[in-house]
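Proteins come first, then strands; the chains are lettered A, B, ... in the order of their sequence lines, and each starts at number 1. Keep in mind that the numbers below use all heavy atoms, side chains included, and drop hydrogens, waters and symmetry copies.
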Amino acid sequence: MRTAFVALGLAGLATIAAAQSDPLEAAAEARESHMHLYQTNLGVLGGMARGNMDYDAEAAQAAADNLASLSDLDERFYWVEGSSSEEIDDTRALPAIWENMDDFMAKSDALHEAAVAMAEVAGDGVEAVQAQMGALGGACGSCHETYRAADD
Amino acid sequence: MRALLALVLAGLLGVAAFWWISAPRPASAALYEGLDGDPARGERIFWAAGCAGCHTAPEAEPGDSPVLAGGQRFDTPFGTFVAPNISTDETHGIGAWSDLGLANAIQRGIGRDGAHLYPAFPYASYIRARPAEIVDLVAFLRTLPADATPSEANEVGFPFNIRRGLGLWKRLYLDPDPVVGGLTGAAEDGRHLVEALGHCGECHTPRTALGGPDLSRWMAGGPNPAGEGRIPGLTPGQLGWSEGDIAAFLQSGLTPDFDSVGGEMAEVIANTARLPDEDRAAIAAYLVALPDVETAVTAGE
């Protein structure tokens, strides 16, 4: 009886280990989650800038503060060596990231600067948000231009 | 003997006809005469025409005063083209070219030596630009920094390495008329920005087997001939974005669901972000007015 329980327990453990998935794929999933958080907060600012939702100073400030915080995180556990689009499935992170890590980090710093600049003006009115959207989106694009694979 | 003579004569006639049909046809100097180039106006043309997108060095950020040193490579089914140095350097750039010579390169695809240029350079779009715009653009180009990087040769095999053949291509595809008719107001302004300066159709319109734009599928997108992925169709039925979303996208590179654009389009956004708001709005007005096209042909590819 005891043996049976131990066997069952071991089988359960194996199942959990499998569900944890490969650490490289987990790193890629963490990156993607991080990008989704950007997307949600950009959606608030961009929605207001485009007139798709009413401007709300407090909400705009909250979204911009979130972006400033998110872009300030230490992301070393996401950008794991061996997790590029040529090494694992379900990622668009090009190997060029690891070949040019300094440039990649410089672009990440530039995003943080753009997010901080947005946070400084986000509560000042919709025009201020509109004026800063180009720089913020441009910081996203300057990294994706070089380091993200085409989507199909 | 007589048959052989006839064959030789026919052959010679054919060569003569080819030579005549394929000759470069420069623009009349009168088109540009009396126009004074204004670099301040030319700066807007420069960003609308996206010159920095191809002519800056690979990986270089354009900045306010881009160094047009060339060197970006473009893989196509016809060979690999390398964007030349068009900085103001007198030896390796365009510093010693005349205004008319540059206008002929930009609008007629004719090089300084009088030979045809490959249409990887989008002169088949720029031919639709107004002569005054080209003169302004040239005036702005002359304000940019010089760079002494030599231009690299294209890597093009037979038969496409016979430049004279491009004369036939031009007979088919060099056309100053607008593609989409019947537009007014902002949509008409947008047509000029898209069809002439922005040369959007060079990528977003699929090409024929001869490498010209397939006008029956104008802006319908398709597989990326230069590599991975698909180039999205921009007709209203395919894109489905509002005018406001399109204009904002051209400023920030953020799609309506706030994903950010990557690849070559990120480079395009670096140019369109520098346009005045009304130009981005005009482009949007044109795109939502595009006729929908039958895309069944491309859907299966």
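Inspection of non-hydrogen atoms places no residue of residues 68-80 of chain A under 4.5 Å from chain B. Contact residues of residues 133-147 of chain A toward chain B are A:M133, A:G134, A:G137, A:G138, A:C140, A:G141, A:H144, A:E145, A:T146 (heavy-atom distance under 4.5 Å).
Contact annotation for B:I269: neither backbone nor side-chain heavy atoms come within less than 4.5 Å of a heavy atom of chain A. Both the backbone and the side chain of B:A248 come within less than 4.5 Å of a heavy atom in chain A. Residue contact with chain B, scored on non-hydrogen atoms closer than 4.5 Å, is absent for A:D103. In this structure, chain A has heavy atoms under 4.5 Å from both the backbone and the side chain of B:D245.
The residue among A:G46, A:G51, A:A149 with the most heavy atom pairs within less than 4.5 Å of chain B is A:G46. With respect to chain A, the highest number of heavy-atom pairs below 4.5 Å among B:G244, B:A266, B:A247 belongs to B:A266. Most heavy-atom pairs under 4.5 Å with chain A: of the set B:S242, B:P256, B:G263, this distinction falls to B:G263.
Atoms OG1 and CD, from B:T255 and A:Q39 in turn, are 7.0 Å apart once rounded to the nearest 0.5 Å. Rounding to the nearest 0.5 Å gives a distance of 10.0 Å between CG of B:D259 and CG of A:L42.
Heavy-atom contacts from other residues, nucleotides or ligands closer than 6.0 Å to CD of A:Q130 number more than 12. Crowding of B:D257 atom CG: a count of heavy atoms from other residues, nucleotides or ligands under 6.0 Å exceeding 12.
Counting all heavy atoms, side chain and backbone alike, B:S252 lies closest to A:R50 at OG-NH2, 3.7 Å.
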